[in-house]
Amino acid sequence: MSLPPNFSCHRSERRRRAISETTRTADSHANCAVHAVNDLKAEFAATGLGAVLEDLDRDLVGLAPVKQRIREIATLLLVNKVRKRLGLEGDTPTLHMSFTGNAGTGKTTVALRMAEILNRLGYIRKGHIVSVTRDDLVGQYIGHTAPKTKEILKKAMGGVLFIDEAYYLHRAENERDYGQEAIEILLQVMESQRDDLVVILAGYDDKMDAFFRSNPGFRSRVAHHIDFPDYSDGELLEIAERMMARQNYVLAPDAREALADYIVLRRRQPLFANARSVRNALDRARLRHSTRVFEGSCGGVSAADLSTLRGPDILASRVFQERQQALGGS
Amino acid sequence: MRITQGAFSFLPDLTDTQIKRQIQYCLDSGWAVNVEFTDDPHPRNTFWEMWDLPMFEVRDAAGVMIEINKCRKVRGDTHYIRLNAFDNGHGCESVRLSFIVGRPNSEPGYALTRQEGPGRTIVYTTRAYAADKPEGNRYRD
């Protein structure tokens, strides 16, 4: 009487065979390595991932370490996919991530891209992103938190759950805070439904460090800690130009110079929020620009007038005035 | 006696993978999915009790499976559980797909009652053996 083959035996047998087959072909064909490489490249092309990564490179200024890390993750998943086909499957890798960095360094933007990349690689089925903060997860009274958190998790299934300012979930000063309950549910789902959802935590450096210190469970379940560096002055200027171009504005040469000065000065001030500060500055410049155009107009205005920011629009900023005062005072 | 209501009920019970794929089809078609349960399996009992609210914003079947499994944990073995997919599209506005995803451990079936009517007519009616017991205590050993 023959026993049915044990499943795990069967699998390891299959794996052994796959390996031996690979080695055999390696022996017989000298160009096997080339074949394999070609295969991976073809696989890469088939996912359409090249375009997404190129977009990422083109659309996002700077952030070299982040882009590098995303490429690595993409490659890992690709290789994993091919391995799986050859019967070499291991566990699915955990892809929960934490994005840390100062304000305005592009954490949310990258998270959106991440969802698309993971979807292209077939790691998540839907590729949508559910963006939440503490308010959406934590309830206001006993018994309110669990259903609320589970509701969000249900919505996020098959996609990415992006928790912005994740450190607010844990309030160290209040041990009866409901945030802890949300954390426990999250941890449980992050572990048991790794195939169904990817959790991305985002927040400022120092606060996230404290958060992870007080919740060691999170640290160990989050495989990828990605740090977003601050932008350099040049990068911020480039970002500003792209923002303006997207809204059909043009920076006149003197405005560009003024903006470069502005960025240098603004960085020295408190509450500097990288790209977000630049965006706010530009919004205010647009305000002054429209006032200037409106008040200066007698008769017709040209399209060029309506879309060109000039030096004075930016130089009228509070930041420059403060410098004037500082210079005058000293 | 195995009761047959809704789609797929003449097939062997669907596995969870099959259920998941059916649900994904419903969600991809834009239908709202909800879970219901009952312990009164009479075919004319169309209003089953709702398990939680309909899931309007869930995008992936895994989210619905969470609710099904929760319902099975609480109501399974003693209740029938079904899944409905509601299509709110113009011209339909009703349930598109409904199938059983959980059954009690044993299904005792129905008794057929014959009632003598005026003349020599006979009125037939079916009554579930399980319905002899009060609600909530049915299908328990």
Side-chain angles (χ1 to χ4, degrees), chain A residues 7 84 92 94-96 111-112 114-116 118-132 135-137 139 143-163 181-182 184-200, chain B residues 12 14-37 48-76 81-89 95-99 101-102:
Chain A
F7 178 66
K84 199 176 245 175
T92 33
T94 36
L95 273 195
H96 304 310
L112 279 171
M114 208 62 187
E116 194 180 343
L118 295 179
N119 185 28
R120 286 284 172 90
L121 283 162
Y123 188 82
I124 51 176
R125 292 183 294 270
K126 285 284 148 194
H128 64 295
I129 182 163
V130 176
S131 183
V132 297
D135 279 0
D136 302 295
L137 295 172
H144 191 202
T145 305
K148 228 175 154 178
T149 306
K150 284 181 179 158
E151 193 64 29
I152 295 287
L153 285 169
K154 260 194 289 179
K155 272 184 213 165
M157 282 294 155
V160 169
L161 177 65
F162 180 71
I163 308 178
E181 199 182 342
E184 275 154 27
I185 295 170
L186 275 176
L187 285 179
Q188 193 205 334
V189 172
M190 278 165 80
E191 191 61 35
S192 64
Q193 298 197 281
R194 266 180 300 177
D195 305 347
D196 293 325
L197 135 124
V198 170
V199 178
I200 298 182
Chain B
L14 299 188
T15 62
D16 274 9
T17 324
Q18 289 167 328
I19 293 175
K20 240 180 173 167
R21 295 195 59 187
Q22 290 295 341
I23 297 173
Q24 195 55 56
Y25 173 77
C26 298
L27 296 175
D28 290 344
S29 313
W31 304 338
V33 167
N34 84 319
V35 180
E36 293 180 340
F37 63 91
W48 293 25
E49 266 149 281
M50 289 171 77
W51 175 265
D52 212 37
L53 298 173
M55 286 165 260
F56 291 107
E57 283 176 325
V58 176
R59 298 271 303 267
D60 189 86
V64 179
M65 285 311 286
I66 293 178
E67 285 303 326
I68 290 181
N69 287 328
K70 258 201 282 179
C71 184
R72 280 175 177 162
K73 211 161 147 192
V74 181
R75 301 287 175 179
I81 303 169
R82 78 177 170 195
L83 187 119
N84 293 334
F86 183 85
D87 181 1
N88 66 354
V95 171
R96 265 295 175 93
L97 177 63
S98 169
F99 59 96
V101 293

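Below, chains carry the letters A, B, ... as their sequence lines are ordered, and counting in each starts from 1. What you see is a predicted model; the values in this text were computed from it and never measured.
Atom CD of E57(B) has 12 or fewer heavy atoms from other residues, nucleotides or ligands within 6.0 Å. Few gaps surround CD on E191(A); more than 12 heavy atoms of other groups in view lie less than 6.0 Å from it.
Ion pairing between a basic and an acidic side chain is recognised when a charged N comes within 4.0 Å of a carboxylate O; D52(B) and K150(A) show no such pairing.
In this structure the side chain of R59(B) never reaches within 4.5 angstrom of the side chain of K155(A), judged on heavy atoms.
Listed here is the closest heavy atom pair of A62(B) and R125(A): CB-NH2, 3.5 Å.
To the nearest 0.5 Å, atom CD1 of residue I66(B) and atom CG of residue L153(A) are 6.5 Å apart. Atom CE of M65(B) sits about 13.0 Å away from atom NZ of K154(A), to the nearest 0.5 Å. Atom NZ of K20(B) is separated from atom CG of D196(A) by 5.0 Å, given to the nearest 0.5 angstrom.
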Inset, instruction - Under the side-chain contact (heavy atoms from CB on, under 4.5 Å) rule, what do D28(B) and K126(A) come out as? Steps first, then yes or no, please. - result: CA-CA 10 Å; D28(B) 290 344; K126(A) 285 284 148 194; 2.9 Å; yes
